[in-house]
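As structure tokens, the structure follows; a few thoughts come after it.
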Amino acid sequence: MATKIEASKQFTYTVAWRFANGEYPVREISMAKLLSAQMACEVADECIQIHGGWGYMKEYEVERHYRDVRLNRIGAGTDEIMLEVIGRSYGL
Ligand SMILES: Cc1cc2nc3c(=O)[nH]c(=O)nc-3n(C[C@H](O)[C@H](O)[C@H](O)COP(=O)(O)OP(=O)(O)OC[C@H]3O[C@@H](n4cnc5c(N)ncnc54)[C@H](O)[C@@H]3O)c2cc1C
């Protein structure tokens, strides 16, 4: 889980740095958004699994994180739209 988070973080920081320095790397921006959203969901899912039944209960914060991260694959451009943008950037 830490490896997935770190990889997503480093990729996102690199793309943010390029953007802050005048580039507009649309492909990599879309890739970072897609990867980070999916990784966050995978990690939250694993956290629920670690907590077992308790993780599924509304009384435990991990349940809230699980629901919250899911929005990242929908809001601000869905996974499918990111894939479309990435595909188009390769001329597909
Ligand atoms: C909690 C929450 C907060 C939000 N906050 C904001 C906000 O602050 N500002 C704002 O502007 N919007 C906000 N939204 C809206 C959000 O941006 C949209 O939900 C999102 O863009 C997806 O649009 P949709 O729900 O109409 O789904 P749809 O566009 O109907 O998509 C449904 C499914 O079809 C897929 N799909 C759609 N078109 C294509 C295509 N061309 N090719 C392949 N697949 C496709 C999608 O990927 C998705 O899986 C929020 C949504 C939620 C749930």
Side-chain angles (χ1 to χ4, degrees):
M1 285 190 280
T3 303
K4 286 176 179 176
I5 291 168
E6 194 57 33
S8 302
K9 213 162 139 181
Q10 292 300 327
F11 187 24
T12 301
Y13 285 175
T14 301
V15 174
W17 187 88
R18 287 176 63 185
F19 183 74
N21 283 278
E23 278 186 70
Y24 188 41
V26 174
R27 177 190 293 167
E28 288 79 8
I29 290 170
S30 306
M31 286 174 166
K33 203 265 180 190
L34 179 73
L35 178 77
S36 301
Q38 291 186 345
M39 288 303 109
C41 287
E42 282 184 31
V43 169
D45 186 63
E46 193 62 30
C47 289
I48 294 270
Q49 196 64 27
I50 287 169
H51 284 78
W54 298 115
Y56 190 75
M57 304 290 186
K58 267 198 165 171
E59 287 82 354
Y60 289 82
E61 205 176 324
V62 65
E63 179 271 349
R64 178 64 197 266
H65 286 297
Y66 181 73
R67 273 189 298 132
D68 279 354
V69 291
R70 192 62 180 80
L71 177 63
N72 292 302
R73 296 185 57 197
I74 298 169
T78 63
D79 280 8
E80 290 73 21
I81 298 304
M82 293 304 108
L83 288 170
E84 177 116 2
V85 173
I86 296 163
R88 253 193 265 130
S89 78
Y90 285 105
L92 302 172

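Note that the numbering runs from 1 along the sequence shown for the chain. The figures that follow rest on heavy atoms only: side chains count, while hydrogens, waters and symmetry mates do not. Keep in mind that what you see is a predicted model, and the values were worked out from it rather than measured.
For the atom pair L92 CG and I86 CD1, the distance stands at 11.0 Å (nearest 0.5 Å). Separating the CG atom in L34 from the OG1 atom in T78 is a distance of 9.5 Å, to the nearest 0.5 Å.
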*Should H65 and C47 be marked as a side-chain contact (heavy atoms from CB on, under 4.5 Å) after you check the CA-CA gap, both sets of side-chain angles, and the distance that decides it?*
CA-CA 9 Å; H65 286 297; C47 289; over 6 Å; no
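Other residues, nucleotides and ligands place more than 12 heavy atoms under 6.0 Å from the CZ atom of R27.
Annotation: side chain to side chain donor-acceptor pair (under 3.5 Å) contacts of H51 (sequence neighbours excluded): none. Contacts of E23 classified as salt bridge (charged side-chain N to carboxylate O under 4.0 Å, His left out), with partners at least two apart in sequence or in another chain: R18.
Of all non-hydrogen atoms in A40 and V69, the two that sit nearest each other are O-CG2, 3.8 Å. When all heavy atoms of Y60 and W54 are compared, the pair lying nearest together is CD1-O, 3.4 Å. Pairing each heavy atom of A76 with each of M82, the nearest pair is O-CE, 4.1 Å. Between S8 and M39, the closest heavy-atom pair is OG-CG, 3.2 Å. E63 approaches G55 most closely through the heavy-atom pair CB-O, 3.3 Å.
A donor-acceptor pair under 3.5 Å is formed between the side chain of K33 and the backbone N or O of N72.
Side chains of E6 and Q10: a donor-acceptor N/O pair is present below 3.5 angstrom, by distance only.
Clustering of Ile, Leu, Val, Met, Phe, Trp and Tyr side chains at separations under 4.5 Å places I50 together with M1, I5, V43.
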